[in-house]
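All remarks here apply to the structure that follows.
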Amino acid sequence: MKRILSVLCLLIITIGYAQNNLKDISAKQAFERALELRFQNPDSAVALLDYSSKSYLKLNDTVSATYSLLEKAYVFENTARYASSYDALWTALILNDRRDDDKLKSIIFVRLGRIYSYNKRVDASLKYLKSSLELQKKRVKKLHLEKSELVPYYYSLAKTNRELERSGRAQIYLDSCYLYFSNEIDIQPLAHLEYRSKEYLDFEKAILLGRKGENEQAIEIMEGLLPYFQDNEPTYLVLIYKFLGDINLNLSNLNKAEELYVKSLKYSDDYKSHVDFTPLVYEKLTELYLLKNDYKNAFNSVKKAKELDAKFFDGRSSINQSLLEIKDNYRIEKDRQEKQIQEQYLKQLEQEEEISKLQLIILIGSIFFLLIIGYGYFNYLRTKHTNEKIFIEKNKELEIKKQQALIDIKNKELASSALQLIEKDEFLKEIKSKVRVGTDKIKIHEINKVLRSISTNNNNNWDEFKHRFISVNKEFYNKIFEKFPNLSQSDQKICALIKLNMSSKDMARLLGISVESVHTSRHRIRKKMDLPRNVNLEDYINSI
């Protein structure tokens, strides 16, 4: 009794000291100090977090105020004061109702889901946990985040389903955790998400293995986790030693199980953490002492278990009786805010009705006059723009027609020139034949001179024709050379003559080759252009 009174006095002095000194620290300092005290002195941590959240609200920093409320809710939750934790979470949710922050809402939903699960409100619990997962999935998709950001939310569902004795569902969600797990995920070191690292997943895995009877493997995993939690999260040892005790109890290692249960209770008392687990530990100790025929300790354990269970979970408990009559404070607050907005709107309407008719007429007249001027000016600009656009398009069309007409004329001239060349070549051939059968009076060297001149003129004629064709159809020549660089000079000649719509016979006469050679060249060109059989060569070349 004296020890209890001493602890209470120390607690009152600590809280009083904290309240007197809160004025001298900032909201951030109060928050950071609360994180240090939340396990050693939960009540002082609550006072600091309450001060921190209110100070942040005065600064209109809703986000920081929400994180303070989340930590405050977690401290209450860790000491089995679920009604207080619930109130803090709903306050946080109301703060974020009008903010488009899915991250904070998803975290609040996780914590609400966990609170409901402790009181076996299964439907409500799973509803909030699944909603939190869906919000996080939307964030991952919208912000292109790594899927490892989903792990804490799958973990909460796995843990809750395991606690609700739904091992199959728990295993499915745990598999999802391992599927998306990444060492690169950056989880803030705050209590609003229970998941911190892969060790938490391995802990859940060990529990599920124990439930399936794979006790040795479960013990091996849990004992391997002890150093990590000893260094990083000693409060979690309450759970590890409890579940290690369960497995050893199942294996009839009674002395080992008793030792582990005692350690679990000690860590819960030292760190003021997971106190809601202590009734379960005492129930297991009762079972253990009965197996050892130690009825005195069994009686004391069951008595302690009933006292703690009544304190934390019985509806008659002053701590949690309000939780069994949970009211939708969030909805009530929203209705109150909406009514307030409606009242303000009605007052505004009344004030607007008091505006003089003259001012209203002047205002309407001014607006109407400005609209007419604006509409007229807009029509003027639109008409001007339309006319300019039509004028430019007509000029462009006319220019294109002129250029096309000029090209057509020059191509006709080219075709005519080509035909003249053909006739000239025919004429020269005829002269050649007559010279060869001429009289002996004509000197041989003069005849050869004339023949060489004729051959040179033929080549010059083609070169002249080529230059004139390129100057008229430069774009065509560039395109066909760019598309098909493997075409020979002879192939290019044939393409140019096809562009002028010349027949194979005229091509043969102009080039001084047979009609069969022209057909062969055309076939070779089709192969180089890789044209299908159903594509006409003339149409394709004219389309370039």
Side-chain angles (χ1 to χ4, degrees), residues 70 73-90 92-93 106-134 152-174 191-195 200 203-204 207-208 210-211 236 238-239 242-243 245-246 264 268 273-287 301-331:
L70 283 167
Y74 184 73
V75 174
F76 283 132
E77 180 185 332
N78 227 17
T79 52
R81 289 178 281 181
Y82 301 125
S84 298
S85 179
Y86 171 87
D87 289 338
L89 290 171
W90 278 108
L93 190 59
S106 68
I107 293 170
I108 296 169
F109 284 172
V110 167
R111 302 313 317 154
L112 281 171
R114 297 291 292 146
I115 293 293
Y116 278 115
S117 73
Y118 300 149
N119 289 272
K120 305 303 179 184
R121 298 280 294 275
V122 178
D123 292 339
S125 173
L126 295 179
K127 172 188 171 185
Y128 280 110
L129 290 173
K130 289 177 180 177
S131 296
S132 70
L133 177 61
E134 291 304 314
Y153 300 86
Y154 279 115
Y155 171 77
S156 295
L157 279 161
K159 185 174 182 178
T160 302
N161 277 278
R162 186 261 300 165
E163 291 170 350
L164 296 172
E165 303 295 331
R166 296 155 61 104
S167 298
R169 299 299 300 174
Q171 186 64 59
I172 292 171
Y173 287 120
L174 188 60
H192 53 256
L193 290 175
E194 295 171 293
Y195 169 77
Y200 289 81
F203 175 69
E204 291 297 320
I207 296 176
L208 293 175
R211 287 185 178 177
Y236 221 72
V238 177
L239 309 181
K242 190 270 180 189
F243 285 109
D246 292 346
S264 177
S268 178
S273 177
H274 300 290
V275 294
D276 54 327
F277 263 76
T278 54
L280 300 176
V281 177
Y282 279 111
E283 286 176 6
K284 287 293 182 179
L285 280 171
T286 301
E287 182 183 342
S301 295
V302 74
K303 182 181 177 182
K304 190 69 175 176
K306 286 184 177 295
E307 288 175 358
L308 292 173
D309 191 65
K311 178 181 178 182
F312 298 140
F313 299 105
D314 193 350
R316 293 169 295 178
S317 167
S318 60
I319 297 175
N320 288 317
Q321 61 182 351
S322 62
L323 186 61
L324 300 179
E325 298 175 356
I326 290 175
K327 297 179 181 180
D328 196 348
N329 295 329
Y330 172 62
R331 187 59 55 193

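One finds the NZ atom of Lys306 at 9.0 Å from the OG1 atom of Thr286 (value rounded to the nearest 0.5 Å). To the nearest 0.5 Å, the span separating CG on Leu239 from CD1 on Ile207 amounts to 7.5 Å. Atoms CD1 and CG, from Ile115 and Asp87 in turn, are 10.5 Å apart once rounded to the nearest 0.5 Å. Note: Leu93 CG to Ile107 CD1 = 12.5 Å, rounded to the nearest 0.5 Å. Rounded to the nearest 0.5 Å, atoms CG (Leu280) and NE2 (His274) are 12.5 Å apart. Ser131 OG to Leu126 CG: the interatomic distance, rounded to the nearest 0.5 Å, is 10.5 Å.
Side-chain atoms of Thr79 come within 3.5 Å of backbone N or O of Val75 as a donor-acceptor pair. The backbone N or O of Arg114 lies less than 3.5 Å from a partner atom in the side chain of Ser117, making a donor-acceptor pair. Side chain of Ser106 to main chain of Ser132: no donor-acceptor pair is present (N/O by atom type, distance under 3.5 Å, no hydrogens or angles). Of the possible donor and acceptor atoms, none in the side chain of Thr160 sits under 3.5 Å from a partner among the backbone N and O of Leu157.
With sequence neighbours left out, the salt bridge (Lys or Arg N to Asp or Glu O under 4.0 Å) criterion links Glu77 to Arg111. Remark: Arg211 engages Glu165 in a salt bridge (Lys or Arg N to Asp or Glu O under 4.0 Å) (not counting sequence neighbours). Under the ring pair (Phe, Tyr, Trp, His ring centres under 6.0 Å) criterion, Tyr153 pairs with no residue, sequence neighbours left out. Residues satisfying the ring pair (Phe, Tyr, Trp, His ring centres under 6.0 Å) criterion with Tyr282, sequence neighbours excluded, are absent altogether. For Leu208, the side-chain contact (heavy atoms from CB on, under 4.5 Å) partners are Arg162, Ser167, Ala170, Gln171, Leu174, not counting sequence neighbours. Take Tyr173 and apply the ring pair (Phe, Tyr, Trp, His ring centres under 6.0 Å) test, not counting sequence neighbours, and it matches no residue.
Between Glu287 and Glu283, every side-chain heavy-atom pair lies at or beyond the 4.5 Å cut-off.
Using cut-offs of 30° and 60° on the angle between ring planes, the pair Tyr128 and Tyr116 is parallel.
The two residues Ser85 and Ala73 come nearest to each other via the heavy atoms OG-O, 2.8 Å. Taking each heavy atom of Leu89 and Ile108 in turn, the nearest pair found is O-CG2, 3.8 Å. Shown here for Gly113 and Leu129, the closest heavy-atom pair between the two residues is CA-CG, 4.0 Å.
Ion pairing between a basic and an acidic side chain is recognised when a charged N comes within 4.0 Å of a carboxylate O; Lys242 and Asp246 show such pairing.
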